[in-house]
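Encoded as structure tokens, the structure appears first; notes follow it.
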2 protein chains.
Amino acid sequence: MAANSRLTIAVHALTWMALAERRGRQVLTSEQVAASVRTNPVVVRRSLGQLRQAGLVTVRHGVGAGWSLARPPDEITLLDVYAAVEREPLFALHHSEPNLACPVGRGIRPALGRFYGDVDQALRRELARTSITDVLDETVTDVRDETLETGQEPGLE
Amino acid sequence: MAANSRLTIAVHALTWMALAERRGRQVLTSEQVAASVRTNPVVVRRSLGQLRQAGLVTVRHGVGAGWSLARPPDEITLLDVYAAVEREPLFALHHSEPNLACPVGRGIRPALGRFYGDVDQALRRELARTSITDVLDETVTDVRDETLETGQEPGLE
DNA sequence: CCGGCTGTAACAGAGGCTGTTACAGCGAAC
DNA sequence: GTTCGCTGTAACAGCCTCTGTTACAGCCGG
């Protein structure tokens, strides 16, 4: 278990929802998504819950409940997903306050904050360049020949 | 304790070494650096050890031992420090293999790997734009009036 | 040889993430 | 209104990372 795979889980879920939508299935349950990601349905619900709070997906309760995309998948970018799922800044400043008697200790936090802000902006600009549709197209490109043309269903049910 | 502050610690250490160098002190001990960062000397040695492996600093043993910059500080970029200090990729892929019976499960990992690679490149491009000298100048700008002109020493000894 | 500092192992505490169980709540369908 | 399936969420365990700390061997200039 290394870094944090929340962005991957969320994008995987959205990508599969986009594929299902293309095939006319508008609603998926957390269990169906979990079958593709191969994790526990609760993990998927936690992830989709964050996406719901960000307005990227909608949920229906009651019998026949499940999740749907709230927007066309080409209007959902990786930046939207990242912002919904990651709260911590990319780089943390000092955990304990540095020595304010030292010029570096006193001045480095605002300075680093500015540079880190620039890096964060660059990261977000790049994330905004890719949509869920882009991910889906790139994903199925790799498997089109083996699977899609045989009409296989998108995942276990 | 939130995210990871290793980049901050390493940049802080290098920035202070650059300031000390400007003032004619070529060698600093881990304890002197730790006094500015306000952490344990072992933490500093761990961090500087990674920078040494990356060729950014040199170390002297024996009496009068300590650390020096291996290159002029304007030739050390935040990317150099980042590469020396961070090993994990920015975003992790799935911990357990997704369901290969699903087209998304099968194709999404290489697809995401490509998009994540683009993001990583953008991040590194931005990090490469800033040098330790830039950080030092930005840092002392904030405190020049209060401290530098009074000739105060850079940190506790 | 001495003394000071590095290099590194070992360990503890805190916290995050994933995975899991359990259960209350909701609402469409009947 | 009842039923039933799924959501929403709490609670917990296991694992891992990071920071901080102690301890100690190794190195080398004087």
Side-chain angles (χ1 to χ4, degrees), chain A residues 1-10 12-13 17 25-35 37-54 57-68 70 85-98 157, chain B residues 1-10 12-13 17 25-35 37-54 57-68 70 85-98 157:
Chain A
M1 205 176 300
N4 161 329
S5 63
R6 273 180 301 175
L7 183 64
T8 293
I9 302 300
H12 185 147
M17 290 168 70
R25 306 185 62 220
Q26 299 297 331
V27 176
L28 292 177
T29 68
S30 64
E31 193 156 357
Q32 291 168 327
V33 175
V37 180
R38 282 233 309 208
T39 184
N40 194 288
V42 175
V43 175
V44 172
R45 274 181 251 158
R46 277 201 284 244
S47 179
L48 290 179
Q50 295 180 298
L51 301 182
R52 177 176 54 77
Q53 286 176 19
V57 300
T58 57
V59 65
R60 277 188 14 176
H61 282 253
V63 174
W67 305 83
S68 306
V85 148
E86 300 284 351
R87 296 159 191 182
E88 296 295 331
L90 202 50
F91 301 120
L93 294 180
H94 308 66
H95 290 169
S96 53
E97 191 172 66
E157 317 263 323
Chain B
M1 204 177 302
N4 161 327
S5 62
R6 273 179 301 175
L7 183 63
T8 293
I9 302 301
H12 185 148
M17 292 168 69
R25 306 185 63 219
Q26 298 297 332
V27 175
L28 291 177
T29 68
S30 64
E31 193 156 357
Q32 291 167 326
V33 175
V37 181
R38 283 232 309 205
T39 183
N40 193 288
V42 175
V43 174
V44 172
R45 275 181 251 157
R46 276 202 285 245
S47 180
L48 291 178
Q50 295 180 299
L51 300 182
R52 178 176 53 78
Q53 286 176 19
V57 299
T58 57
V59 66
R60 277 190 14 176
H61 282 253
V63 173
W67 305 83
S68 307
V85 148
E86 299 284 351
R87 297 158 190 181
E88 297 293 331
L90 202 49
F91 302 119
L93 294 180
H94 308 67
H95 291 170
S96 52
E97 191 172 67
E157 318 263 323

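Note: hydrogens, waters and symmetry copies are ignored here, and every other heavy atom, side chains too, is used. Order of the sequence lines sets the chain letters (A, B, ...), proteins ahead of strands, with each chain counted from 1.
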Ignoring the backbone of [X], work out which of [options] is nearest its side chain.
X       : options               : result
B:Arg46 : D:dA11, C:dA10, D:dT7 : C:dA10
B:Val63 : C:dG4, D:dT21, D:dT9  : C:dG4
B:Asn40 : C:dT18, D:dT7, D:dT21 : D:dT21
B:Ala65 : D:dG20, C:dC5, D:dT7  : C:dC5
A:Asn4  : C:dC17, D:dA10, D:dC6 : C:dC17

For [N], take OP1 and OP2 only and decide whether either is under 4.0 Å from a side-chain N or O of [X].
X       : N      : result
A:His61 : C:dA28 : no
A:Ser5  : C:dC17 : no
A:Thr29 : D:dC6  : no

Tell me what A:Val42 touches on the nucleic acid: a base, only sugar-phosphate, or nothing, going by heavy atoms under 4.0 Å.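 A:Val42: base contact, heavy atoms under 4.0 Å.
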Mapping B:Gly66 and B:Ser96 onto DNA chain C by nearest heavy atom, which one lands closer to the 5' end?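 Its nearest nucleotide lies further toward 5', so the answer is B:Gly66.
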5'-most by nearest nucleotide on DNA chain D - A:Arg45 or B:Arg38: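 It is A:Arg45 whose nearest nucleotide is closer to the 5' end.
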To the nearest Å, give me how far apart [atom1] ([X]) and [atom2] ([N]) are.
X       : N      : atom1 : atom2 : result
B:Arg60 : D:dG29 : CZ    : C1'   : 8 Å
A:Ile9  : C:dG19 : CD1   : C1'   : 11 Å
A:Leu7  : C:dC17 : CG    : C1'   : 15 Å

For residues A:Glu88 and A:Asn4, determine if any side-chain heavy atom of one lies less than 4.5 Å from a side-chain heavy atom of the other.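 With C-beta onward as the side chain, the pair stays apart.
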Check whether the side chain of B:Arg52 and the base of C:dG7 form a donor-acceptor pair under 3.5 Å.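 In this structure, the two groups form no donor-acceptor pair.
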